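Just below is one structure, and these are the notes that go with it.
This one's a predicted model, so the numbers in the text were calculated from it and none came from an experiment.
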Amino acid sequence: MSATSTDSGSLDATAGIPADLLIGGEWVAAASGRPRIAVENPADGEVLAEIADADVADALAALDAAAAAQAGWAATPARERCELLRSAFERLRAERERFATIISLEMGKPLREARAEVDYGAEFLRWYAEEGVRLQGDYRISPDGGSRILVKPQPIGPCLLITPWNFPLAMATRKIAPALAAGCTAILKPATLTPLASLAFAQLLVEVGVPAGVLGILTTSGAGALSSALLADGRIRKVSFTGSTEVGRRLIAASGEKVVATSMELGGNAPFLVFADADLEAAVDGALVAKMRNMGEACTAANRFLVADPVADEFARLLSARIAALRVGPGTDEASEVGPLIDAESRDRVAGLVAAAADDGATVHVGGAPLSGPGYFFEPTVLEGVDPTGPLLGDEIFGPVAPIVRFGSDEEAIELANDTEYGLVSYAYTRDLERALRVADALEAGMVAINRGLVSNAAAPFGGIKQSGLGREGGREGIEDYLDLKYVALDL
Ligand code: NAP
C-alpha cells in the first residue's frame, strides 16, 4: 500500500493556527530563540507547521501570568466562567470539520474517528459548563451542639496540564474544562508530536473571551526540564497528566517536594474477555472498536483477547475476516478505516513485537508486517499462540495488533486478565448477567465494559487503578480533582 500525500484542501484546516506560546493572553515567540519544532503528518511525513520551543524562562513567565490571574478567575461568578465554556462548546461544534481535519492530519486517525474525538472533546466543555455551577458545600452541626461546620469547595490553584499525542483535542478539553469550571487557571503542555489541535483550541478560548492568564500554552522539546521547574516553583498546586506510566512516575516524584496534588491517567494493558455464551458477532463488533479505534494507539485499546476454548476458533475466524477487510490509508481519506502509526519509531516497535512473537511460535492469521511508505503504516494483524510471558502480552502494544489467548475456566480468565501491573479498563462479553456482574467485580480495573467495546463518556468517571493512574476525569468526580475543601469552624 502506498499512502497519497496530504491534499491542499486538508491543509486549509491548519491555516491560521497560532504556532507561538500563549502567555498572559498574548501569542509570543519563545524567549529561548531555539529553532522551531517541525510538526509532521504521519501519513506522508510532510511538515504541517513549525511550532515554538519554550524553555524554562517561558514556562516561568506563563506561571507568573497564571498565578496573577488566579484570584480574579476564582472570584469570577461560576455562571460567567461556565458560559465561556459553553461558548467554546458551541464554537467547537460549529468548527467540527476543521478540528477533525487538524486531528487527522497531525495524528493520523481516520476522519470519522477524528470527528468522534471532536464530539467527545466538546462534550467535556458542555458537561463542566453544567457541573461548574452546581458545586456544593455543606453546613453541619457539630455533635456537641455548640459549633457549626461549614465546608466549601474552592479552586485548588494554578494547574499544570500535560497531554499525550493520541487524542490531541479530547485529552486537553478533558482537563481544561473541569479546571476552568472549578476556578483554576492552567498551563497546558500538549504533546510535541500533535500540538496543533490544542493550539487551535487555545485560540478558540481566547476568542470566546477567556481572560488573559487563565490559560497558557507551552510547546517545548524540553518537557522534563519545564515541568520540573514549574513543579519546583511552588505556585503550581496541581499537575494533571495523561501519558505513559513511566513519565507519570517521574511527575509523581517531582510533585513530592512542594506537595503538589497529582492526577494521573497512565498506560493500560486491557484484557478483552469472550465467554462461551457470548454473542460472537457482537463480540467481534466490540473487538474492532476496542482494538482498531485510533489504530490501537489508545490507553483503552484491547491488548489481549482472552477467549473461551469452545468459541476461540470461531472468534478468531470472524475477527480475522473483519480485520483483513479494513481499509488502510491516510486518515484524511474519507475511505480510510485505519491510519498510520504516529511515527517510524512506533511502527518499528510494533513490527518488532509481532516479529518476536512469530519467532516464538505464534501463528499470524492476518497481517503482521509494516506497509511501504510514505507514512508509518502497519498491517492490521491477528495472531494466536503467543508466549504468555512475552512482551506482546505484557507491554502496551499501541498498534493495530490483536493477540488471541484461549482459556478454560472463568477463574483462569480472571487470573490471566489481572496478571498485569496495569488496571485501566477490561472488556467482557457474556449473555449471562450473573457472570457479567461476578466478572466485573473480580476484574482489577478502574473501568469495566460489559458487552461494549468503548467506555469513554464525558459523564462517567474515567480512570485507572494499580499503575494505570490516580484520580478520575469526567463525570461528577472529574471536577473534584481541581477543588480543595475549606472547613470553617463557626461559633455563633
Ligand atoms: P508520554 O511519552 O508519557 O508523553 C505524554 C506527555 O508528557 C507529552 O506531552 C510529553 O511531551 C510529556 N512528557 C514527556 N516526558 C516528560 C517529562 N519527563 N516530564 C513531563 N512531561 C513529559 O506518552 P505519549 O507517548 O504521548 O502517550 C502515550 C501514553 O499515554 C500511553 O502509555 C497511553 O496509554 C497513555 N494514555 C493514557 C490515557 C489515559 O487516560 N489513561 C489516555 C491517553 C493516553 P513530549 O510530547 O514533548 O514528549
Side-chain angles (χ1 to χ4, degrees), residues 22-25 59 62-89 124-139 150-163 172-189 202 205-206 208-218 227 230-231 233-242 251 255 258-265 458 461 463 470-488:
L22 180 61
I23 298 179
L63 179 52
D64 288 344
Q70 178 57 58
W73 185 242
T76 302
R79 178 66 77 197
E80 244 175 76
R81 294 198 300 255
C82 291
E83 288 291 341
L84 293 172
L85 294 177
R86 178 74 200 195
S87 303
F89 165 72
F124 288 102
L125 298 163
R126 174 158 66 177
W127 180 261
Y128 287 110
E130 294 161 350
E131 289 294 295
V133 291
R134 313 216 193 293
L135 299 180
Q136 292 186 354
D138 207 354
Y139 177 90
L150 301 188
V151 183
K152 66 174 264 212
Q154 57 184 26
I156 196 165
C159 300
L160 172 60
L161 313 177
I162 304 178
T163 50
T173 59
R174 194 163 84 168
K175 298 185 189 304
I176 291 171
L180 267 53
C184 299
T185 61
I187 298 171
L188 174 70
K189 208 301 285 169
L205 287 180
V206 170
V208 301
V210 169
V214 169
L215 180 74
I217 184 161
L218 299 170
S227 55
L230 290 170
L231 292 171
D233 178 276
R235 287 176 291 173
I236 288 287
R237 297 315 310 146
K238 163 99 199 172
V239 55
S240 177
F241 171 75
T242 298
L251 286 168
S255 301
K258 291 286 176 2
V259 194
V260 174
T262 60
S263 289
M264 296 282 144
E265 297 286 355
L470 299 167
R472 292 294 179 269
E473 292 192 312
R476 257 195 336 273
E477 297 79 1
I479 199 165
E480 287 166 9
D481 276 12
Y482 296 94
L483 295 167
D484 270 333
L485 290 180
K486 178 169 280 175
Y487 150 48
V488 180

Any sub-3.5 Å donor-acceptor pair from [X]'s side-chain atoms to [Y]'s backbone N or O?
X: Tyr128; Y: Gly475; value: yes
X: Arg81; Y: Ala74; value: yes
X: Arg237; Y: Gly234; value: yes
X: Gln70; Y: Gly183; value: yes

Quick check: closest heavy atoms across [X] and [Y], and the distance to 0.1 Å?
X: Thr76; Y: Glu80; value: CG2-OE1, 3.5 Å
X: Gly132; Y: Leu135; value: O-CG, 3.8 Å
X: Ala177; Y: Leu85; value: O-CD1, 3.5 Å
X: Glu477; Y: Pro461; value: OE1-CB, 3.5 Å
X: Ala66; Y: Pro158; value: O-CG, 4.3 Å
X: Ser255; Y: Val239; value: OG-CG1, 3.4 Å

Can you tell if the side chain of Leu180 reaches within under 4.5 Å of the side chain of Leu84, non-hydrogen atoms only?
->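 No. Closest side-chain heavy atoms not under 4.5 Å.
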Is there side-chain contact between Leu205 and Leu22, with at least one heavy-atom pair below 4.5 Å?
-> no
Starting at [atom1] of [X], measure out to [atom2] of [Y] and round the result to the nearest 0.5 Å.
X: Leu161; Y: Phe241; atom1: CG; atom2: CZ; value: 12.0 Å
X: Ser240; Y: Leu188; atom1: OG; atom2: CG; value: 10.0 Å
X: Asp138; Y: Leu150; atom1: CG; atom2: CG; value: 9.0 Å

With no hydrogens and no angle check, do the side chains of Lys175 and Ser263 hold a donor and an acceptor under 3.5 Å apart?
->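 Absent: no donor and acceptor within the cut-off.
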Short N-O contact, Lys258 and Asp233, less than 4.0 angstrom | no
Sole candidate of Ile162, Val260, Thr262 that passes side-chain contact (heavy atoms from CB on, under 4.5 Å) when paired with Leu251 =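 One option only clears the test, and that one is Ile162.
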